[in-house]
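Report on one structure; see the data block that follows.
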Amino acid sequence: VTRLEARGLGFAYSPDVVVLEGWSALFEAGEIVAVTGPSGAGKSTLMYLLGLMLVPRSGEVLVDGIPVAHLPDTDRARLRASEFGFVFQDASLDATRTVLDNITETALYRRTPRAPACVRARELMARFGVDLRAEHRPGQISGGQAQRVALCRALLASPQIVLADEPTGNLDHATAEIVIEVLHHVAHEGGTVVVATHDPYLISRCTRVIAL
Ligand code: ADP
Ligand code: ADP
């Protein structure tokens with residue numbers, strides 16, 4: 001069971017661009033929490049903070065009650081690889097590698113053998129309808145397909161915490177529905193899901209909404 005907590009988070013890009021101040025929230029296993037707010041409200045920044053990619057100016061991020069926001073880079077990287085799955089709009093794919101290699105790349109960090117990682121990758125690709133694209137490079141697929149590939153990559157390691165930034169942004173309704181079902185599956189299996197979005201339909205399918 002994984003619980004994610006933000007405690008008094010503060011962050012600023014510069015003295016006059018303060019994004020968060022004293023922001024707290026608790027995300028429990030089994031939940032799909034929508035973080036909403038207008039463009040510029042700080043949704044993406046919050047996701048980077050929760051995902052340990054940015055270090056807060058004040059406050060803490062806790063995973064199962066353990067403070068992790070200020071750990072050294074290598075420890076945060078290890079936690080990211082073992083606990084988190086990221087579905088970010090700008091989580092760009094490596095243009096020089098195939099779709100399959102992009103998806104299995106994180107398995108290397110976890111020392112998962114390549115063969116089972118590829119089996120799981122192909123299952124995920126089939127579910128999202130990009131299995132025929134395994135040997136293509138990111139430049140040869142559409143934006144919507146790239147987003148589905150990023151989702152496969154995020155879910156490969158069966159992460160306990162999934163952070164998704166506008167995960168249905170470029171997708172048609174049918175594919176968005178598949179993504180939403182997968183997020184529900186993650187939560188049902190005891191995962192913790194946080195979704196930053198202003199898509200009313202996606203918000204309606206979340207179990208709780210926090211407005212930024
Ligand atoms: P949202 O995801 O809700 O649109 P963001 O977290 O992207 O919001 O941005 C929050 C605020 O921080 C905005 O005012 C944005 O202009 C600013 N901001 C975002 N990224 C940067 C950056 N790298 N450097 C400076 N300011 C930034
Ligand atoms: P979408 O409906 O997801 O936006 P597109 O209209 O962009 O799809 O793409 C339709 C088909 O053309 C897809 O199968 C995609 O893989 C292929 N395709 C898109 N862009 C390229 C490209 N730059 N090179 C080769 N194939 C592409």
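Counting starts at 1 for both ligands and their atoms, in listed order. In what follows, every heavy atom counts, from backbone to side chain, and hydrogens, waters and symmetry copies are set aside.
Look at P38 and you'll find a heavy atom under 4.0 Å from some atom of ligand 1.
Of the protein's non-hydrogen atoms, T45 OG1, 3.9 Å is the one closest to atom 9 (O) of ligand 1. Atom 8 (O) of ligand 1 has its closest protein heavy atom at G42 N, 3.0 Å. Summary of contacts: the protein heavy atom closest to atom 27 (C) of ligand 1 is Y13 CD1, 3.3 Å. Counting only heavy atoms of the protein, atom 7 (O) of ligand 1 lies nearest to S44 CB, 3.7 Å.
Annotation: E21, atom CD; neighbour count of heavy atoms from other residues, nucleotides and ligands within 6.0 Å does not exceed 12. With a 6.0 Å radius and a threshold of 12 heavy atoms from other residues, nucleotides or ligands, R137 has its CZ atom above the threshold. When the shell of 6.0 Å around NE2 of H188 is examined, it contains 12 or fewer heavy atoms from other residues, nucleotides or ligands.
Screening L4, L163, T2 for a side chain to side chain contact (heavy atoms under 4.5 Å, CB included) with F27, the sole residue that qualifies is L4.
Salt-bridge check for R114 with D101: passed, with a basic side-chain N closer than 4.0 Å to an acidic carboxylate O. For the pair E166 and K43, the salt-bridge criterion is not met [side-chain N within less than 4.0 Å of a carboxylate O].
Using a 4.0 Å cut-off to heavy atoms of K43, the atoms of ligand 1 that qualify are 1 (P), 2 (O), 3 (O), 4 (O), 6 (O), 8 (O). The distance from ligand 1 to the heavy atoms of V19 drops below 4.0 Å at these ligand atoms: 10 (C), 11 (C), 12 (O). Listed by number with element, the atoms of ligand 1 under 4.0 Å from a non-hydrogen atom of S39 are 4 (O).
Between F86 and F84, the two ring planes are parallel [angle under 30°; tilted spans 30° to 60°].
Proximity of atom 15 (C) of ligand 1 to the protein is not indicated, since no non-hydrogen protein atom lies closer than 4.0 angstrom. Put simply, atom 5 (P) of ligand 1 has protein non-hydrogen atoms near it, under 4.0 Å away.
In this structure, R76 contributes its side chain and L71 its backbone to a donor-acceptor pair below 3.5 Å.
Which of G40, A196, S14 comes nearest to atom 1 (P) of ligand 1 through a heavy atom is settled by distance: it is G40.
The shortest N or O to N or O distance between V17 and ligand 1 is not below 3.5 Å.
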